[in-house]
**Student:** 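Just dropping this structure here.
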2 protein chains.
Amino acid sequence: MTEKEEFCVADFIQTQKKIAPEMVKLLMDRYHILRLISYHQPIGRRSLSAFLQISERVIRKEVNILKDQNLIEIKAEGMNITESGYTSLEVLRSFIHILKNLNSIEEEVAQKLEIKKVIVVPGLYDEDEFILREIGKVASKYFKSILKDHMIVGVTGGTTISMVADEMIEEDLKHHMMIVPARGGLGKNAENQANHITAKIARKLNCPYELLHMPDNISKDLLESLSKDPNTKEVVDYIKQIHVLLFGIGRADKMAKRRGLSNEKIEELNKKCAVAEAFGYYFNLKGKIIEEVNSVGVSLQTYKNIKNPIGVAAGKEKALAIMPISKLNTNLTLIIDEGLAQEILK
Amino acid sequence: MTEKEEFCVADFIQTQKKIAPEMVKLLMDRYHILRLISYHQPIGRRSLSAFLQISERVIRKEVNILKDQNLIEIKAEGMNITESGYTSLEVLRSFIHILKNLNSIEEEVAQKLEIKKVIVVPGLYDEDEFILREIGKVASKYFKSILKDHMIVGVTGGTTISMVADEMIEEDLKHHMMIVPARGGLGKNAENQANHITAKIARKLNCPYELLHMPDNISKDLLESLSKDPNTKEVVDYIKQIHVLLFGIGRADKMAKRRGLSNEKIEELNKKCAVAEAFGYYFNLKGKIIEEVNSVGVSLQTYKNIKNPIGVAAGKEKALAIMPISKLNTNLTLIIDEGLAQEILK
DNA sequence: TCTATAGGGACTATTTAGGTCCCGAAAAAC
DNA sequence: GTTTTTCGGGACCTAAATAGTCCCTATAGA
């Protein structure tokens with residue numbers, strides 16, 4: 001969809017919003033119902049009602065309409081979304097985007113943070129954890145759209161980026177790319193390791209990939225000796241040439257905990273007003289480096305030169321962390337949920 | 001709006017139709033109300049209710065919503081449409097077009113008649129005479145869109161084409177065109193004369209024009225002597241070079257009456273199954289010429305060579321007349337109302 | 001000045017939407 | 001194989017929104 005087309009569709013939707021304002025709520029409600037069914041299928045009336053805080057009777061009415069339109073199937077074991085329902089959901093996503101005027105919010109955020117592009121996903125992650133899946137869908141779509149031949153792609157870890165990988169639709173792009181983890185191992189959850197995500201994305205896009213077999217948090221001596229390992233060296237060389245970096249944005253406090261820093265260290269970071277963590281650096285609100293951890297991953301200098309950094313984040317609590325990160329590289333594309341976008345604009 | 005864009009908008013509308021089917025009636029009703037207000041303003045609740053066959057109470061509710069959206073203004077003397085209302089109406093027109101799937105009907109009609117292009121205007125002229133104004137709007141827009149520099153444009157008479165001229169929006173196209181009447185005087189209504197319409201369109205588009213000072217129906221002797229008149233000759237020469245012809249389509253019987261033919265002649269035409277009249281010729285269903293009237297206007301041969309003939313017609317009764325006319329020149333663009341389109345497809 | 005038509009208020013009848021409970025069937029758990 | 005849970009759907013009643021009706025006052029045009 002080009003910009004101009006979207007504008008034209010926007011005209012239609014704005015006019016409709018004027019002449020039939022009731023429709024907004026109607027569409028949103030049904031969208032939410034359909035979306036939830038697609039996530040939890042097969043699901044029953046009562047569970048839906050509990051999730052959405054809409055009375056069972058109303059759910060029943062709405063669901064019957066969706067059934068009449070062949071968007072869902074109702075069986076004894078619950079409701080399932082149909083093929084037609086899936087495609088409608090896809091279209092509705094853009095619909096809601098325009099309906100909520102998220103385009104202008106995107107522009108505002110981009111302007112405030114002085115970065116290239118912002119994509120806002122409708123919904124509040126803080127109130128609905130499933131928004132993370134939406135973000136994953138949108139981010140993976142955008143990520144795939146900017147991939148080109150012979151690109152070197154880096155990915156970090158974290159639940160958010162893990163979701164991006166999960167929601168990525170398999171597709172053989174036929175590009176000669178290389179996907180590498182942008183940082184070492186961190187924390188205990190195997191699913192959210194950069195290595196694991198790297199492999200998952202590479203499998204979905206049918207791409208070659210390399211893994212980084214070392215912890216993220218590492219002593220200087222060990223870092224040097226490991227760097228002599230030819231395999232590690234290869235990956236580190238790739239990292240230095242990354243064209244596209246898909247990364248999650250972390251709060252300083254939470255990352256410090258996950259890294260297992262000592263309580264004194266955490267206290268110190270707090271005192272110095274560290275709000276964000278990225279690539280082994282801790283930043284204060286103004287983007288100043290407060291603490292630096294030895295890391296084999298992307299260095300600050302490398303990051304600053306990346307052509308296409310894609311930051312993904314969900315939840316209001318990330319607002320402060322985003323501020324300094326966006327100061328590092330103006331090429332940044334940020335993919336966030338609506339709640340976070342509102343928080344940033346405050 | 002390009003084809004591709006329309007397709008995209010159509011996607012949105014079809015999806016919306018699925019997920020919120022109630023919206024169709026809602027939009028249509030409000031569109032009709034808004035349209036009627038724009039035609040009759042200032043108009044009151046009760047008159048609107050009588051026109052639309054909707055109870056006064058319902059009109060009142062709908063009208064209040066339109067007022068809340070600033071689409072209309074309500075004063076003591078009646079309701080008036082606002083600027084915002086006008087632009088919404090414009091967008092809604094295309095909206096309804098897609099909603100009713102008129103694109104596919106247009107294609108069907110074009111295929112059946114084997115002509116270049118068909119534009120179907122939503123609504124039934126036979127049930128709502130104001131549809132003629134809609135047709136006028138659409139036809140004048142299309143007419144203007146194909147005009148180019150140095151074109152010679154011909155226009156015929158009739159109520160339909162007169163409406164096209166009325167609804168044409170003034171605009172100085174800066175083209176060096178020449179507008180001429182495509183036929184002589186006919187009948188008694190001054191407003192509907194080709195001359196009058198020619199002058200009106202020329203004034204709206206700020207173009208030079210010529211008039212044809214002679215009756216359409218003329219004896220051979222008189223035709224020859226008048227043709228020697230230098231002014232007449234000039235116009236006749238223009239007519240032979242017409243690039244764009246804007247013409248109405250007439251039923252044989254009605255045109256015969258308007259021409260003032262004798263009852264015997266009319267009877268004769270009836271016997272020979274004349275259904276259509278154009279440029280002084282009477283045709284049967286198969287496109288065969290049944291009767292030829294001496295005429296200074298566009299000859300059959302001239303018509304067949306016109307690059308851009310635009311035929312405009314409203315009402316089911318024109319269906320049979322359209323058949324033979326469309327056989328004469330495959331470049332024909334036909335602009336008709338929905339009811340007539342349905343009739344043609346029967 | 002009179003009359004026709006305007007919008008708006010108010011009350012009532014009617015329809016529709018929503019809350020609640022129950023039932024039999026079918027999975028799921030045991 | 002049996003029990004338990006969860007499913008959709010039917011039934012019924014109340015609350016609420018919607019629509020019908022009538023009346024009033026203001027205003028524009030004859």
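We use all heavy atoms of the structure for the numbers below, so side chains are in, but hydrogens, waters and symmetry mates are not. A, B, ... follow the sequence lines: proteins, then strands. Residue 1 opens every chain.
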**Student:** Verify whether one side chain among B:Asn80 and B:Glu73 offers a donor that lies under 3.5 Å from an acceptor in the other.
**Tutor:** no

**Student:** Looking at B:Lys137 and B:Glu90, does any basic side-chain N land under 4.0 Å from a carboxylate oxygen?
**Tutor:**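 No, this pair does not count.
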
**Student:** On DNA chain C, compare the nucleotides closest to A:Arg45 and B:Ile43; which residue's is nearer the 5' end?
**Tutor:**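 The answer here is B:Ile43.
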
**Student:** Determine to 10° how strongly the helix from C:dT1-D:dA30 to C:dC30-D:dG1 is bent, judged from the axes of its five-pair ends.
**Tutor:**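 For the helix from C:dT1-D:dA30 to C:dC30-D:dG1, the axes at opposite ends meet at about 40°.
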
**Student:** Starting from the C-alpha separation in whole Å, work towards a yes-or-no answer on salt bridge (Lys or Arg N to Asp or Glu O under 4.0 Å) for B:Glu56 and B:Arg46.
**Tutor:** CA-CA 6 Å; B:Glu56 192 194 319; B:Arg46 284 162 262 256; 3.4 Å; yes

**Student:** Does the distance from a Lys or Arg side-chain N to an Asp or Glu carboxylate O, for B:Glu134 and B:Arg35, drop under 4.0 Å?
**Tutor:**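 Yes, B:Glu134 and B:Arg35 are salt-bridged.
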
**Student:** Using the ring centroid of each side chain, check whether B:Phe51 and B:His32 are separated by less than 6.0 Å.
**Tutor:**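 Centroid separation for B:Phe51 and B:His32: 6.0 Å or greater.
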
**Student:** With 3.5 Å as the limit, what N/O pairs link the protein to nucleotides 25-30 of chain D?
**Tutor:**
none

**Student:** Does atom CZ (B:Phe95) have a neighbourhood of more than 12 heavy atoms from anything else shown, all under 6.0 Å?
**Tutor:**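 Counting neighbours around CZ of B:Phe95, more than 12 heavy atoms of other residues, nucleotides or ligands fall under 6.0 Å, so yes.
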
**Student:** Between A:Glu317 and A:Lys254, does any side-chain N to carboxylate O distance fall below 4.0 Å?
**Tutor:**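 A salt bridge is present here (some side-chain N lies under 4.0 Å from a carboxylate O).
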
**Student:** Roughly how far apart are B:Leu26 CG and B:Arg30 CZ, rounded to 0.5 Å?
**Tutor:**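 Here the interatomic distance stands at 4.0 Å.
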
**Student:** Below 3.5 Å is the cut-off: list the nitrogen or oxygen pairs between protein and nucleotides 12-20 of chain D, distance only.
**Tutor:**
from, atom 1, to, atom 2, distance (Å)
D:dA19, OP2, B:Lys61, NZ, 3.2
D:dG20, OP2, B:Ser55, OG, 2.2
D:dG20, N7, B:Arg57, NE, 3.4
D:dG20, O6, B:Arg57, NE, 3.3

